[in-house]
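I have placed the structure first, in the form of structure tokens, so that the comments after it can refer back to it.
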Amino acid sequence: MKSLDTYPLSELKLVYTLLHSQVLEQPALMDSTLLQDLQSYLQAQARNEQVDVSLHAEWDAWLKQS
């Protein structure tokens with residue numbers, strides 16, 4: 001199995017965004033360890049790029065970047 005850091009960041013952002021957009025329709029995603037791990041990984045990457053992930057607008061803008 002590959003680790004998350006072997007996938008293109010743009011692909012991980014897309015998968016995360018799509019899954020996160022379905023949380024209200026699919027409540028089981030709230031407890032998804034995969035989604036939580038993906039979010040943690042992406043937030044660490046964003047912090048490395050000086051993004052304040054506690055600010056929704058910055059986090060959202062970063063996720064939309066390719």
Side-chain angles (χ1 to χ4, degrees):
M1 179 185 311
K2 292 178 167 183
S3 64
L4 290 176
D5 62 356
T6 63
Y7 293 95
L9 191 57
S10 59
E11 188 174 320
L12 294 174
K13 288 178 179 182
L14 174 62
V15 169
Y16 172 79
T17 301
L18 290 170
L19 285 174
H20 191 265
S21 73
Q22 294 300 307
V23 167
L24 293 177
E25 288 80 21
Q26 301 293 328
L29 286 170
M30 292 290 280
D31 297 324
S32 168
T33 305
L34 174 60
L35 186 55
Q36 291 171 13
D37 288 348
L38 182 54
Q39 181 178 38
S40 295
Y41 177 80
L42 289 173
Q43 287 178 340
Q45 297 306 304
R47 281 189 214 98
N48 287 341
E49 295 181 25
Q50 310 307 312
V51 174
D52 185 345
V53 298
S54 68
L55 299 174
H56 180 74
E58 282 191 40
W59 168 239
D60 191 51
W62 184 82
L63 285 170
K64 290 178 181 173
Q65 292 174 350
S66 296

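No hydrogens, no waters, no symmetry mates; every other heavy atom, side chains included, goes into these values. Keep in mind that what you see is a predicted model, and the values were worked out from it rather than measured. Along the sequence shown, residues carry numbers from 1.
- Across every non-hydrogen atom of Glu58 and Asp52, the tightest pair is OE1-N, 2.9 Å.
- Taken together through direct or relayed side-chain contacts under 4.5 Å among Ile, Leu, Val, Met, Phe, Trp and Tyr, Val53 and Val23 form part of one hydrophobic cluster.
- Here Gln36 contributes atom CD and Thr33 contributes atom OG1; the two are 5.5 Å apart, rounded to the nearest 0.5 Å.
- The OG1 atom of Thr17 sits 10.5 Å away from atom CG of Leu12, with the distance rounded to the nearest 0.5 Å.
- A continuous path of Ile, Leu, Val, Met, Phe, Trp and Tyr side chains, each step under 4.5 Å between heavy atoms, connects Met30 with Leu35, placing both in one hydrophobic cluster.
- Remark: Leu4 CG to Gln45 CD distance equals 9.5 Å, nearest 0.5 Å.
- Residue Tyr7 is not grouped with residue Leu34 when hydrophobic side chains (ILVMFWY) are merged at heavy-atom distances under 4.5 angstrom, including chains of intermediate members.
- Looking at heavy atoms from C-beta onward, Leu9 lies in side-chain contact with Lys13 at the 4.5 angstrom threshold.
- Residues Leu14 and Tyr16 fall into different hydrophobic clusters, defined by Ile, Leu, Val, Met, Phe, Trp and Tyr side chains chained together at heavy-atom separations under 4.5 Å.
- Going from atom CG of Leu29 over to atom OG of Ser21 covers 9.0 Å, rounded to the nearest 0.5 Å.
- For the atom pair Gln50 CD and Trp62 CH2, the distance stands at 12.5 Å (nearest 0.5 Å).
- Atoms CG and CG, on Leu38 and Leu42 in that order, are 4.5 Å from each other to the nearest 0.5 Å.
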